[in-house]
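Before any comments, here is the structure.
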Amino acid sequence: MKSILALASFVAVVTAQSQVWGQCGGIGWTGPTTCVSGATCVAQNSYYWQCLPSTATTTTASSGTTTTSAGSSGLPTSTSTVNSLNALAKSKGKLYFGSATDNPEFSNTAYTKILFSDMFGQITPGNSMKWGPTEPSRDTYTYAQGDVVLNDAKNASQIVRAHNLAWYEQLPNWLSSGNFDNATLQTILTDHVTSAATHYKGQVYAWDVVNEPVDDSGNMRSWLYQDKVGTSYIDLAFRAAHAADPNAKLYLNDYNLEYSGAKFNTTLNLVKQLVAQGTPIHGVGFEGHMIVGSVPSAANIASQMNQFTALGLEVAITELDIRQTMPETAAQRMQQKTDYQNMVGACMLVTKCVGVTVWDYTDLYSWVPSTFSGQGAACPWDNNFARKPAYDGIVLGLGGTS
Ligand code: 9MR
């Protein structure tokens, strides 16, 4: 008996700590704020603190102050004279060229000056419209932060891709730890999607309704909704979003779709099934979190995209960044230029690819260094808002002359 009690209290201690990669803090978070042994709680941003393996915490990106080591002097920079990627994209038939952002970044006026300029025609809130931040307790909704992004974008005549409604990460703690049954989970999902899509009704171009539903091995990703409700949660989410905001383009969004293989096949079959059964899905987002030197040719990526557009859907590159091993070198910068050109060029090869969004435009606010130890410099602008050759790669990819 004594040993059972000892075990029980041990379990209690374990469950009071977040596992490696789990959330451990942030606005709206009411779950554990410490990590299991071997992991350290690192603030990724004000909404999301994550337990990272202790060995992976030598770089801190949360403050946005991770630098390109000795500075980027001596490295090649942009030589392009193009000053509006959005205007160039539109002149070539696209709807927008955009950037992700996040509310804490708005205090940096050097940053907002570029973000809300005519450089970009579209904005994605990187965190503030997600489930955890918007429904901190059941049926209590807070859209203030998302509204700030939306209104600032509107004031700059930029359209918004809203992100996201059903995802395995950044769930509110009351939901992940609530032990709800299947029927209740369906009600909770419908309520959440209906609330968020109604709040932004008529004001956003698109919603990423279902995010990253397939894992890296090509299986449906194991998470709360897949495990307890099954794949039908996807149809449920799309239907609720469509009922609430009939004009928003509804997307399924995922990474690594740029490559053929098990994950791509499962996703394509899933989307085929959704289309066949009449689920109101309108687009597939190719996130585009890539690695310098590992980006396929524009033609290859375009052929991946074409398999979705053949189903009558549009596609977009929704979270583009191309990371590299630090420190940056001249060779890597030039390879990154080619890689950006291929990614953006793929969208240009596909008429129904509506636009490209970079997952923040500056390395200063990139999510990469805190997640991938020893990697960074993934964005087209450096920490000091200087354009890199990657910018010229985008210009070339858009069909401009650099
Ligand atoms: O950029 C987001 C970062 O600030 C958050 O800490 C992170 C939480 O997991 O989410 C990041 O954005 C992700 C996006 O929502 C979905 N695709 C992958 C993105 C990078 O992790």
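Numbering starts at 1 and runs along the sequence shown.
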- Task: Take E105 and Y111 through the test side-chain hydrogen bond (donor to acceptor under 3.5 Å, both in side chains) and record every step on the way to the result.
- Result: CA-CA 7 Å; E105 302 161 15; Y111 171 80; 2.8 Å; yes
- Item | Contact summary for N182 and Q186, nearest pair of heavy atoms | OD1-NE2, 2.7 Å
- Would you check, one step at a time, whether the test side-chain hydrogen bond (donor to acceptor under 3.5 Å, both in side chains) holds for N300 with Q304? CA-CA 7 Å; N300 280 352; Q304 300 287 101; over 6 Å; no
- Query: Is the ring centre of H242 less than 6.0 Å from the ring centre of W207?
  - Reply: no
- Note on the structure: T362 and D382 have their tightest heavy-atom pair at OG1-O, 2.9 Å
- Task: Could you pull out all residues at least two apart from D191 that satisfy side-chain hydrogen bond (donor to acceptor under 3.5 Å, both in side chains)?
- Result: none
- Cationic N near anionic O, under 4.0 Å, D208 to R161: yes
- Message: Does either side chain, that of D147 or that of H199, offer a donor lying less than 3.5 Å from an acceptor on the other one?
- Response: yes
- Query: Below 6.0 angstrom between ring centroids: does that apply to Y200 and Y143?
  - Reply: yes
- Query: In terms of side-chain heavy atoms, does S303 have a donor or acceptor partner in N306 at a distance below 3.5 Å?
  - Reply: no
- Test item: S117 side-chain N/O and M119 main-chain N/O as donor-acceptor pair under 3.5 Å: yes
- Quick one: does T279's side chain have a donor or acceptor within less than 3.5 Å of a partner on V275's backbone? no
- Mind checking what makes ring-ring contact (aromatic ring centres under 6.0 Å, His included) contact with F180, not counting sequence neighbours? none
- Item | Donor-acceptor pair, side chain of T124 and main chain of A100, under 3.5 angstrom | no
- Query: With sequence neighbours excluded, what pairs up with D360 under the salt bridge (Lys or Arg N to Asp or Glu O under 4.0 Å) test?
  - Reply: none
- Task: Would you give the length of the straight line joining atom OG1 of T267 to atom CD of E212, rounded to the nearest 0.5 angstrom?
- Result: 10.5 Å
- Task: Could you tell me the separation between the CG atom of L115 and the OH atom of Y365, rounded to the nearest 0.5 Å?
- Result: 10.5 Å
- Query: Looking at Y259 versus F264, is the centre-to-centre ring distance below 6.0 Å?
  - Reply: no
- Under 4.5 Å between any side-chain heavy atoms of R333 and K388, yes or no? yes
- Is there a side-chain contact (heavy atoms from CB on, under 4.5 Å) between E287 and N211 once you walk through the steps? CA-CA 10 Å; E287 289 186 8; N211 210 48; 3.9 Å; yes
- Please determine, by modelled atom types, if K130 and N127 share a side-chain donor-acceptor pair under 3.5 angstrom. yes
- Query: Can the ring centres of H289 and W367 be said to be less than 6.0 Å apart?
  - Reply: yes
- Task: Answer whether the closest heavy-atom distance between the side chains of N108 and L364 falls below 4.5 Å.
- Result: yes
- What pairs meet the side-chain hydrogen bond (donor to acceptor under 3.5 Å, both in side chains) rule with one or both residues in residues 82-99, with sequence neighbours excluded? N83-R387
- Message: Is any side-chain heavy atom of I317 closer than 4.5 Å to one of V344?
- Response: no
- D227, D215, L270 screened by side chain to side chain contact (heavy atoms under 4.5 Å, CB included) with M220, the one that passes: L270
- Message: Minimum heavy-atom separation for A377 and Q336, please, with both atom names.
- Response: O-NE2, 2.8 Å
- Would you confirm whether T140, through its side chain, and P136, through its main-chain N or O, come within 3.5 Å as a donor-acceptor pair? no
- Message: Looking at every heavy atom in both S128 and D102, which two are closest together, and how far apart are they?
- Response: N-OD1, 4.4 Å
- Query: For Y205, what residues pass the ring-ring contact (aromatic ring centres under 6.0 Å, His included) criterion, not counting sequence neighbours?
  - Reply: none
- Query: If we only count heavy atoms from C-beta on, is the Q375 to Q324 side-chain gap below 4.5 Å?
  - Reply: no
- Going from OG on S78 to CD1 on I394, what distance comes out if it is rounded to the nearest 0.5 angstrom? 9.5 Å
- Item | Shortest non-hydrogen contact between V193 and A241, atoms and distance | CG1-N, 3.3 Å
- Query: So L236 and Y225, side-chain contact (heavy atoms from CB on, under 4.5 Å) or not? Walk me through it.
  - Reply: CA-CA 11 Å; L236 193 66; Y225 271 89; 5.9 Å; no
- Side chains of T190 and T187: do they bring a donor and an acceptor to under 3.5 Å? no
- Query: Have N342 and K337 got a donor and an acceptor in their side chains that come within less than 3.5 Å?
  - Reply: no
- Show the numbers, then the answer: is there a side-chain contact (heavy atoms from CB on, under 4.5 Å) between L85 and V395? CA-CA 7 Å; L85 294 176; V395 169; 3.7 Å; yes
- Query: What pair of heavy atoms forms the shortest contact from L252 to F238, and how long is it?
  - Reply: N-CZ, 3.8 Å
- Task: Would you check if the side chain of S373 reaches a backbone N or O of S370 as a donor-acceptor pair within less than 3.5 Å?
- Result: no
- Query: Do the side chains of Q158 and Q122 get nearer than 4.5 Å, heavy atoms only?
  - Reply: no
- Query: About how many Å separate CD of E328 and CG of L75, when rounded to the nearest 0.5 Å?
  - Reply: 5.5 Å
- Query: Does a side chain donor of either Q332 or T325 reach within less than 3.5 Å of an acceptor in the other side chain?
  - Reply: no
- Query: With ring centroids as reference points, do Y340 and W381 lie under 6.0 angstrom apart?
  - Reply: no
- Task: To the nearest 0.5 angstrom, please state how far the CG atom of D321 sits from the CD atom of E319.
- Result: 8.0 Å
- Step by step, work out the salt bridge (charged side-chain N to carboxylate O under 4.0 Å, His left out) result for D254 and K263. CA-CA 10 Å; D254 214 331; K263 176 165 182 168; 2.8 Å; yes
- Given side chains that start at C-beta, do those of R138 and L175 come closer than 4.5 Å, heavy atoms only? no
- Given the options I188, L165, N164, W131 meets side chain to side chain contact (heavy atoms under 4.5 Å, CB included) only with I188
- pair V315-T309: side-chain heavy atoms closer than 4.5 Å: yes
- In this structure, CG of L189 is separated from OG1 of T184 (nearest 0.5 Å) by 12.5 Å
- Message: A cation-pi test, strictly: NZ or CZ of K113 under 6.0 Å from the centre of the six-membered ring of F385 and no more than 45 degrees from its axis. Yes or no?
- Response: no
- C379: what forms a disulfide (SG to SG under 2.5 Å) with it, not counting sequence neighbours? none
- Message: With a 4.5 Å cut-off on side-chain heavy atoms, are V210 and Y233 touching?
- Response: yes
- Message: Using the rule given for side-chain contact (heavy atoms from CB on, under 4.5 Å), can you reason through H192 versus E135, listing the C-alpha separation, both sets of side-chain angles and the distance that settles it, and then say yes or no?
- Response: CA-CA 8 Å; H192 167 67; E135 195 179 354; 3.3 Å; yes
